[in-house]
Novice: 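Take this structure first; my questions come after.
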Amino acid sequence: MMHENRVWCVSEVATAEELARQLTETTWCCCTGFQIGSYLFLNDSTSPDGTQEFAVVKRTDDDRLIQIESITFGWCSQSQALDYVRATIAGHYDHSEFAHAVTATIETPDQHGSCRHCA
């Protein structure tokens, strides 16, 4: 992640299809994140008007955070994004050479309220 000091407002997403749609149809503010299962997709873009890049982070059973991938969803079609999301939740990136421990401040929408990144 390029922005380890950022605070993310993370919302649960029920399905891979819904997450792929949200990641490709909307430009999100820089503090936005999504969770599906034990995987977090944290906006790692440099600005809200830039290409949407998300750090893909797995929360382990002992509550550690491991970044396993970084995906530029701003360059993906919805079907490509769905392939990435499905591969992620199937564990295909869990043990990549890229994987490394990260620190992130995660809040629920109720905790987050608004910040300088919120639109």
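Worth saying up front: this structure is predicted, and the values here are computed from it rather than measured. By convention here, the first residue in the shown sequence is residue 1. Heavy atoms only: backbone and side chains are in, while hydrogens, waters and symmetry mates are out.
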Novice: Within a strict 4.5 Å, meaning less than it, do heavy atoms of the R59 and V57 side chains meet?
Specialist: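 Sidechains of V57 and R59: no contact.
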Novice: Side chains of residues 86-93: which donor-acceptor partners sit under 3.5 Å, not counting sequence neighbours?
Specialist:
residue: R86; atom: NH2; partner: E17; partner atom: OE2; Å: 2.7
residue: T88; atom: OG1; partner: Y84; partner atom: O; Å: 2.8

Novice: To the nearest 0.5 Å, how far apart are NZ in K58 and NE2 in H95?
Specialist: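 The NZ atom of K58 sits 6.0 Å away from the NE2 atom of H95.
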Novice: Looking at every non-hydrogen atom in both residues, tell me the closest pair between C76 and A81 and how far apart they are.
Specialist: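 Here C76 and A81 meet closest at CB-N, 4.0 Å.
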Novice: If you look at every heavy atom in E69 and Q67, which pair is closest and at what distance?
Specialist: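 Nearest heavy atoms, E69 then Q67: O-NE2, 3.2 Å.
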Novice: Give the intermediate values and the outcome of side-chain hydrogen bond (donor to acceptor under 3.5 Å, both in side chains) for residues D110 and T108.
Specialist: CA-CA 5 Å; D110 287 339; T108 66; 5.2 Å; no
Novice: With a 4.5 Å cut-off on side-chain heavy-atom distances among I, L, V, M, F, W and Y, is there a chain of contacts connecting L65 to V56?
Specialist: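 Hydrophobic grouping puts L65 apart from V56.
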Novice: Which heavy-atom pair separates A16 from V85 by the least distance, and what is that distance?
Specialist: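 Scanning both residues, the minimum pair turns out to be CB-CG1, 3.6 Å.
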Novice: Indicate the atoms forming the closest heavy-atom contact of Q52 with T26, along with that distance.
Specialist: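 Between these two residues, the closest heavy atoms are OE1-O, 4.3 Å.
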Novice: Does D44 reach the side chain of F54, with side-chain heavy atoms less than 4.5 Å apart?
Specialist: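 A side-chain contact is absent here, since even the closest heavy-atom pair is not under 4.5 Å.
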Novice: Would you confirm whether S45, through its side chain, and T51, through its main-chain N or O, come within 3.5 Å as a donor-acceptor pair?
Specialist: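 It does hold such a pair.
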Novice: Decide whether I106 and F41 are clustered together by the hydrophobic rule: side chain heavy atoms of Ile, Leu, Val, Met, Phe, Trp, Tyr closer than 4.5 Å, transitively.
Specialist: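 No, separate clusters.
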Novice: What closest approach, in Å, do T72 and E53 show between heavy atoms, and which atom pair accounts for it?
Specialist: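 It is OG1-OE1, 3.2 Å.
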Novice: With sequence neighbours left out, what residues match R64 under side chain to side chain contact (heavy atoms under 4.5 Å, CB included)?
Specialist: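 Expected list: T60, D62, I66.
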Novice: Just wondering, do W28 and Q22 contact through their side chains at under 4.5 Å, heavy atoms?
Specialist: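 Sidechains of W28 and Q22: in contact.
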Novice: Measuring from atom CG of D83 to atom OG of S77, what distance do you get when rounded to the nearest 0.5 angstrom?
Specialist: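 It comes to 8.0 Å.
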Novice: Between A104 and L42, which heavy-atom pair has the shortest distance, and what is it?
Specialist: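 Nearest pair, atom of A104 first, then L42: CB-CD1, 4.2 Å.
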Novice: Can you give the donor-acceptor pairs under 3.5 Å from side chains of residues 30-38 to other protein atoms, not counting sequence neighbours?
Specialist:
residue: T32; atom: OG1; partner: C29; partner atom: O; Å: 3.1
residue: Q35; atom: NE2; partner: G37; partner atom: O; Å: 2.8

Novice: According to a hydrophobic-cluster definition based on side-chain heavy atoms being under 4.5 Å apart (Ile, Leu, Val, Met, Phe, Trp, Tyr only), do I68 and L82 belong together?
Specialist: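 No; tracing contacts between hydrophobic side chains, which count when under 4.5 Å, never links both residues.
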Novice: Hey, quick one: are Y39 and F73 part of the same hydrophobic cluster, counting side-chain heavy atoms closer than 4.5 Å, chains of contacts allowed?
Specialist: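 Cluster IDs for Y39 and F73 match.
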